[in-house]
Amino acid sequence: MGRGRVQLKRIENKINRQVTFSKRRSGLLKKAHEISVLCDAEVALIVFSTKGKLFEYSTDSCMERILERYERYSYADRQLVATGSETNGSWTLEHAKLKARMEVLQRNQRHFMGEDLDTLSLKELQSVEQQIDSALKHIRSRKNQLMYESIAELQKKSKALQEQNNQFAKKVKEKEKEIAQQNQKEQQNHIIDSSTVLPPPMQSLNIRGNRDEDETTPMQHLANAVLPSWMIPYLNE
C-alpha cells in the first residue's frame with residue numbers, strides 16, 4: 001500500500017507538535033541553504049515558534065540587505081502619486097518607508113522606557129525584557145572595561161609621579177650636600193684669612209741704647225737738635 005496524503009491541519013498534541021516543528025524547521029533551513037548554494041540565490045528565512053523564539057537563515061549573513069531589497073521590490077509596482085511619475089513615486093515611497101521605520105523605532109524606545117506597555121502581549125513583553133537584559137549586560141561589560149582601563153591608567157600615572165618624586169628628592173639631597181660642602185669650605189678659607197691679617201708681635205724697645213754706637217751726651221743731642229750754632233761752644237765749657 002502506498003503512503004496516503006497527509007491532511008494539513010494543526011497538530012493538537014503539544015509534544016507531537018513540538019517534535020514536528022523541530023524536524024520541519026531543520027529541513028526547511030537545510031533546503032534554504034541548498035537552494036542558495038546550488039542556484040547562487042540570495043535567500044532569507046525567518047521562523048517564529050509558538051513560544052516566540054526566532055529562527056533565521058540568510059545567505060552570507062546579509063539578512064538586513066536582503067530585507068531592504070525585498071522592501072524595494074515589494075513596493076516597486078505601487079503608484080503612490082496620481083501623476084504616475086516614477087521619480088516622485090520613488091521619493092514618496094522612500095519617505096513612507098523612512099517614516100514607518102521611525103515610528104517603529106520610536107515605539108520600541110517607548111517600550112524600553114517602560115511606556116505604552118498596555119497594548120503588548122505576554123510574548124512581546126518577554127521579548128522586550130530579553131532585549132533590555134541583553135542591553136544591560138553589554139552596558140555593564142563596557143562600564144567595567146572602562147573602569148579597569150581608568151584604574152590601570154591611574155596606577156600608571158601614580159607610578160610615574162612616584163618615580164619623579166624620588167628623582168626630585170635625590171636631587172634635593174645632592175644639592176643640600178653640595179651647599180654644606182661649600183659652606184664648610186668658605187668657613188675654612190675665612191679662618192685662614194683671619195690668621196694672615198693679625199699684627200706682628202711688638203718688639204721690646206732699647207731704652208738705654210748702645211753705648212758703643214753713641215757716646216754723645218744728652219746735652220749734645222739737645223744742642224744738635226735745638227740750639228743755634230753760636231751757643232754750642234759755651235755748652236762744651
Side-chain angles (χ1 to χ4, degrees), residues 1-80 89-90 92-149:
M1 294 178 62
R3 184 177 180 181
R5 184 180 182 86
V6 179
Q7 184 180 2
L8 293 178
K9 64 177 183 179
R10 182 177 181 271
I11 300 175
E12 299 297 335
N13 188 286
K14 183 177 181 180
I15 297 177
N16 294 337
R17 185 169 63 245
Q18 183 65 30
V19 172
T20 303
F21 173 79
S22 178
K23 292 180 179 180
R24 295 296 179 93
R25 181 201 67 207
S26 300
L28 183 60
L29 295 175
K30 182 179 179 181
K31 291 295 183 182
H33 175 68
E34 289 177 354
I35 193 175
S36 65
V37 174
L38 296 175
C39 303
D40 194 17
E42 292 186 0
V43 180
L45 176 63
I46 300 175
V47 179
F48 284 98
S49 66
T50 55
K51 295 182 179 180
K53 190 174 182 180
L54 172 63
F55 300 93
E56 63 180 15
Y57 171 81
S58 60
T59 306
D60 297 332
S61 300
C62 55
M63 176 67 74
E64 185 176 358
R65 184 169 60 86
I66 296 176
L67 291 178
E68 290 179 356
R69 185 177 180 183
Y70 167 75
E71 289 179 356
R72 289 196 304 269
Y73 279 92
S74 62
Y75 293 102
D77 296 335
R78 298 181 183 180
Q79 297 295 331
L80 300 179
S90 177
T92 305
L93 178 61
E94 188 69 20
H95 176 266
K97 290 192 296 182
L98 292 176
K99 184 177 179 181
R101 184 176 296 180
M102 184 181 67
E103 291 177 354
V104 172
L105 293 175
Q106 290 177 348
R107 184 172 64 253
N108 292 335
Q109 183 179 8
R110 289 194 300 269
H111 293 165
F112 293 149
M113 296 294 295
E115 302 174 356
D116 298 340
L117 300 178
D118 297 337
T119 59
L120 298 180
S121 63
L122 179 60
K123 294 180 180 180
E124 292 174 340
L125 290 174
Q126 290 176 348
S127 177
V128 172
E129 183 181 8
Q130 291 176 357
Q131 293 177 9
I132 293 176
D133 291 339
S134 178
L136 287 175
K137 290 180 181 178
H138 290 293
I139 292 172
R140 293 191 183 100
S141 177
R142 179 58 179 167
K143 183 187 72 173
N144 293 334
Q145 182 182 359
L146 291 177
M147 290 178 62
Y148 293 148
E149 291 177 355

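Note that the structure is predicted; figures quoted are calculated from it, not measured.
Taking the side chain as every heavy atom from C-beta outward, S127 and Q131 approach each other to under 4.5 Å. Looking only at side-chain heavy atoms (C-beta outward), R25 and S22 come within less than 4.5 Å of each other. At least one side-chain heavy atom of E64 sits less than 4.5 Å from a side-chain heavy atom of E68. For the pair K143/M147, a side-chain contact is recorded, criterion being any heavy-atom separation below 4.5 Å from C-beta on.
In the displayed structure, L146 atom CG is contacted under 6.0 Å by more than 12 heavy atoms of other residues, nucleotides or ligands. The neighbour count for L28 CG, taken as heavy atoms of other residues, nucleotides or ligands under 6.0 Å away, is above 12. For Q109, the CD atom sits in a loose shell: 12 or fewer heavy atoms of surrounding residues, nucleotides or ligands are nearer than 6.0 Å. The neighbour count for D40 CG, taken as heavy atoms of other residues, nucleotides or ligands under 6.0 Å away, does not exceed 12. Under a cut-off of 6.0 angstrom, the local environment of NZ in K31 is sparse, with at most 12 non-hydrogen atoms contributed by other residues, nucleotides or ligands. No more than 12 heavy-atom neighbours from other residues, nucleotides or ligands sit within 6.0 angstrom of CE on M113.
Under 4.0 Å is where a charged nitrogen must lie from a carboxylate oxygen, and between E103 and R101 no such pair does. Using a 4.0 Å cut-off between charged side-chain N and carboxylate O, E94 and K97 make a salt bridge.
The main-chain N or O of E115 is never found under 3.5 Å from a side-chain atom of R110 such that the two would form a donor-acceptor pair.
Pairing each heavy atom of T59 with each of A41, the nearest pair is OG1-O, 3.5 Å. The two residues Y57 and M63 have their closest heavy-atom pair at O-CE, 3.5 Å.
The line from CG of L54 to NZ of K51 is 15.5 Å long, rounded to the nearest 0.5 Å. A distance of 6.5 Å separates CD1 in I11 from CG in N16, rounded to the nearest 0.5 Å. Separation of atoms CD1 (I139) and NZ (K137) is listed at 13.0 Å; rounding is to 0.5 Å.
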